> 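Structure in structure tokens, see below.
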Amino acid sequence: MKIDNLSPSPPQSSPAFIIAVLFQTACKDPLALDEKIYELRRDKLKQIEALGQQSYPRQYNFTHTIPDILAAYSEKTAEQLENPRVNVRVAGRIMAIRLMGKAGFAHLQQTGQRLQIYVKKDAVGEKGFELYKLLDLGDHIGVSGYLFRTRTGELTVHVEEITFLAKDLLPLPEKWHGLTDVELRYRQRYVDLIMNPEVREVFLKRSKLIQSFRRHLDSHGFVEVETPMMQPIAGGAVARPFITHHNTLDMDLFLRIAPELYLKRLTVGGLDRVYEINRNFRNEGLGWRWNPEFTMLEFYQAYANFKDVMDLTQSMIEQAVKDVTGGTKTKWGDQEIDWANWQRMTMREAIIYFWPESAGPKPQMSDFASQDSVKALVERFNAVHAHMAYDPNEPAGKTIANLFEAVAEEHLLQPTIIYEFPTAVSPLSKNKPDEPDWTERWEIFAGQMELANGFSELNDPEEQRRRFEQQLKERERGDQEAHQMDEDYIRALSYGMPPAGGVGVGVDRLAMLLTNSRTIRDVILFPLLRPEKAPGGEDSEGK
RNA sequence: GGGCGCGUAGCUCAGGUGGUAGAGCAAUGCCCUUUUAAGGCAUGGGUCGCAGGUUCGAAUCCUGCCGCGCUCACCA
């Protein structure tokens with residue numbers, strides 16, 4: 001950092017200045033934080049150095065992790081631990097500490113697990129015990145010693161040497177209630193992870209889920225790729241994009257709303273089986289199922305149709321549920337989802353099946369055929385139900401898709417594949433040979449959420465151009481989410497794309513279902529929040 | 001964006017129909033060599049989210065703003 005050396009050098013190295021700067025970044029309200037704790041702990045750090053310890057050492061050679069020790073010795077009796085003695089060197093963060101005169105206990109936490117240590121002055125010596133007394137909750141230490149069982153039977157390290165590893169200068173949340181403030185948990189996820197072991201579990205499961213997907217696709221001959229996150233045209237989905245700007249090229253770019261069109265360009269290029277697991281960005285509302293950036297798995301398989309990739313996706317999810325949870329059933333609030341029991345029905349069948357009795361006789365297949373009969377269905381439904389948005393100028397297919405969401409989505413708790421979507425809402429899907437208004441497209445629903453979306457990929461460049469032109473008309477009609485024209489994509493298709501099935505899977509939403517998380521923010525480490533208020537006023541610098 | 005709710009010590013929370021704040025944990029000092037939400041004694045810590053207003057007096061009542069949560073609308 002360059003500072004203006006003409007001005008009288010401000011006391012930038014003074015403790016007060018450093019504290020003020022640190023607090024600005026670390027705390028919700030810098031002025032309210034107990035500065036004394038911070039300063040006291042800095043003093044303790046100096047005293048620790050004076051004892052001959054490094055304040056921020058570079059490594060610690062351990063013989064065991066805490067999980068290692070718990071796994072290997074939890075079942076051993078006191079006698080077994082004494083003969084022969086088990087020597088260990090182990091590191092962790094202090095999560096509880098109890099001093100009793102000339103001896104004391106502490107609990108070290110590592111990898112989400114805890115192990116007790118016993119520090120006796122006779123065993124660690126004068127200096128070692130001085131160090132113990134200078135330790136605070138949250139500090140990192142390493143200890144060497146041997147395992148034993150206390151009077152109450154707890155597996156414990158009898159410490160012979162303590163090595164200081166790093167200081168926690170800010171106080172951890174209360175040990176009993178932990179950190180519960182939702183905002184703080186998201187903003188300071190690092191503290192959340194220290195304090196709440198179940199949070200750690202959620203993200204470990206999320207990681208297993210993605211591993212399982214990768215393993216499944218890799219074993220089926222798929223190649224993982226990365227395609228642009230910044231795109232000149234935001235295509236491949238129906239959504240509003242974020243805009244950003246490249247300075248040197250002086251051009252606006254969109255953060256991608258989907259990787260779809262790039263992945264399909266790759267199938268043109270001969271990557272017959274490709275997938276990507278990465279973020280998409282959609283500039284839309286937030287809610288329990290929506291975060292502006294979310295993680296999507298997309299894959300494409302040449303020579304396969306929508307049915308083939310439907311089967312592959314179902315088996316991939318079934319396998320993932322087993323890999324993540326060890327079983328086939330997961331809790332969803334007070335309900336249970338059975339991942340071994342899937343239903344399949346067409347969108348039209350679903351509307352008929354879930355049609356509310358109060359809305360009169362169930363629709364007939366013929367009711368979906370014309371704009372007028374669809375309109376009549378909407379009117380019957382809206383007469384008895386929460387009002388469903390309806391624009392008489394929109395294509396009938398779009399109305400039917402909306403009607404499906406209004407009628408059926410809330411009933412789709414168990415894994416269900418809905419197939420045959422209207423062409424009007426599926427600009428990238430092949431249509432049914434016998435019913436051009438309908439496409440070979442499906443979506444998977446579970447827990448009242450859309451989880452995945454797949455179809456037979458439209459690979460006829462001229463038909464694709466007509467679909468884009470249709471979308472442009474929707475755009476002119478005021479639909480800001482309608483797809484844009486993408487000439488290069490059409491050019492790619494003009495070189496010949498093999499027939500292919502493609503799929504997108506919402507990773508966050510599946511992670512929600514597998515961890516019983518009722519909001520998407522609980523499966524995203526750092527969900528989007530408004531920025532913290534700029535701390536303090538002019539006098540927030542050292543005073 | 002609309003509706004509802006919340007914001008008090010580092011953390012978890014009381015209090016409140018107006019008289020300028022409490023507990024537990026955490027912190028500091030002392031005692032305690034097998035404790036475990038260790039214990040005992042003592043101590044420090046807060047512009048009660050921010051800004052206005054009403055009032056002799058506001059953490060409390062009113063208005064606006066900020067942040068968060070739930071919910072509805074739009075969206076995966």
Side-chain angles (χ1 to χ4, degrees), chain A residues 23 26-41 43-44 78 95-107 114 116-124 129 132 136-138 148-154 156 158 168-188 191 195 237-240 257-258 280-296 386-389 402 405 409 443-445 449-453 479-481 504-510 518-521 527 529-534 537:
Chain A
F23 285 176
C27 303
K28 181 166 71 171
D29 184 349
L31 299 176
L33 187 83
D34 192 344
E35 299 187 13
K36 275 188 181 165
I37 291 180
Y38 190 95
E39 277 195 279
L40 277 163
R41 292 194 176 189
D43 283 347
K44 284 184 181 176
M95 295 304 291
I97 190 162
R98 298 175 290 279
L99 171 67
M100 294 164 303
K102 297 185 181 61
F105 290 89
H107 272 98
R114 292 189 184 188
Q116 182 167 262
I117 63 169
Y118 175 61
V119 181
K120 191 164 67 164
K121 191 172 182 178
D122 297 343
V124 297
F129 204 68
Y132 172 78
D136 286 302
L137 283 179
F148 77 112
R149 285 199 180 273
T150 61
R151 216 170 267 167
T152 53
E154 181 165 348
T156 304
H158 196 289
D168 175 10
L169 295 168
L170 293 169
L172 287 175
E174 193 222 11
K175 64 184 173 193
W176 194 238
H177 296 93
L179 186 68
T180 62
D181 183 286
V182 177
E183 183 184 353
L184 279 182
R185 287 187 43 220
Y186 296 148
R187 281 199 198 283
Q188 295 180 232
V191 178
M195 300 306 296
V238 174
R240 291 167 67 182
I257 57 176
N280 291 340
F281 307 86
R282 299 189 183 173
N283 204 342
E284 289 159 353
L286 297 83
W288 66 277
R289 291 173 282 185
W290 289 280
N291 196 63
E293 55 177 312
F294 63 101
T295 300
M296 195 87 157
H387 186 69
M388 168 197 137
N402 288 336
E405 280 178 27
E409 191 168 11
E443 290 190 351
I444 296 171
F445 289 82
M449 286 187 284
E450 184 194 330
L451 285 187
N453 177 20
D479 185 349
Q480 292 181 291
E481 287 155 3
V505 180
V507 172
D508 313 272
R509 288 183 173 181
L510 190 54
R518 301 308 301 233
T519 161
I520 198 168
R521 293 180 152 195
L529 298 173
R530 283 196 172 77
E532 290 181 73
K533 198 164 43 173

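Reckoned from all heavy atoms, side chains included, excluding hydrogens, waters and symmetry mates. Quick note on labels: first sequence line is chain A, next is B, and so on, each numbered from 1. These figures come from a predicted structure and were not determined experimentally.
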> Using Watson-Crick or G-U wobble geometry with both distances under 3.5 Å, which nucleotide pairs with B/A42?
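WC or wobble partner is B/U28.
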> Checking all strands, does A/Leu451 fall into the base, sugar-phosphate, or nothing category for heavy-atom contacts under 4.0 angstrom?
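It contacts nothing in the nucleic acid.
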> Using heavy atoms to find the nearest nucleotide of RNA chain B for A/Arg41 and A/Leu179 separately, return the residue whose nucleotide is more 5′.
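The residue whose closest nucleotide sits nearer the 5' end is A/Leu179.
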> Checking contacts here: which listed nucleotide (B/G67, B/A27, B/U35) is nearest the side-chain heavy atoms of A/Phe105?
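For A/Phe105, the side-chain atoms sit closest to B/U35.
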> When all nucleic acid strands are considered with a 4.0 Å heavy-atom cut-off, which category describes A/Glu443: base, sugar-phosphate, or nothing?
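Result for A/Glu443 = nothing.
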> Can A/Trp176 be said to stack with the base of B/G24, given centres closer than 5.5 angstrom and planes under 30 degrees apart?
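Aromatic stack with B/G24 absent for A/Trp176.
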> Need one value for A/Asn402: base, sugar-phosphate or nothing, where a base atom within 4.0 Å counts as base even if backbone is also close, heavy atoms only.
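A/Asn402: no heavy atom of the nucleic acid under 4.0 Å.
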> Within the structure shown, what part of the strands sits under 4.0 Å from A/Arg240 by heavy-atom distance: base, sugar-phosphate, or nothing?
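Answer is nothing: A/Arg240 stays at 4.0 Å or more from every strand.
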> What N/O pairs connect the protein and nucleotides 71-73 of chain B at under 3.5 Å? Give each pair on its own line.
none

> Which nucleotide, B/C32, B/C13, B/C11, lies nearest any side-chain atom of A/Pro173?
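When the side chain of A/Pro173 is considered, B/C11 is the closest of B/C32, B/C13, B/C11.
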> Quick one, A/Lys120 with A/His158, criterion side-chain contact (heavy atoms from CB on, under 4.5 Å). Give me CA distance, side-chain angles, the key distance, then yes/no.
CA-CA 8 Å; A/Lys120 191 164 67 164; A/His158 196 289; 4.0 Å; yes
> Under a 3.5 Å cut-off for both distances, is B/G5 Watson-Crick or wobble paired, and to whom?
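Check on B/G5: paired to B/C68, both distances under 3.5 Å.
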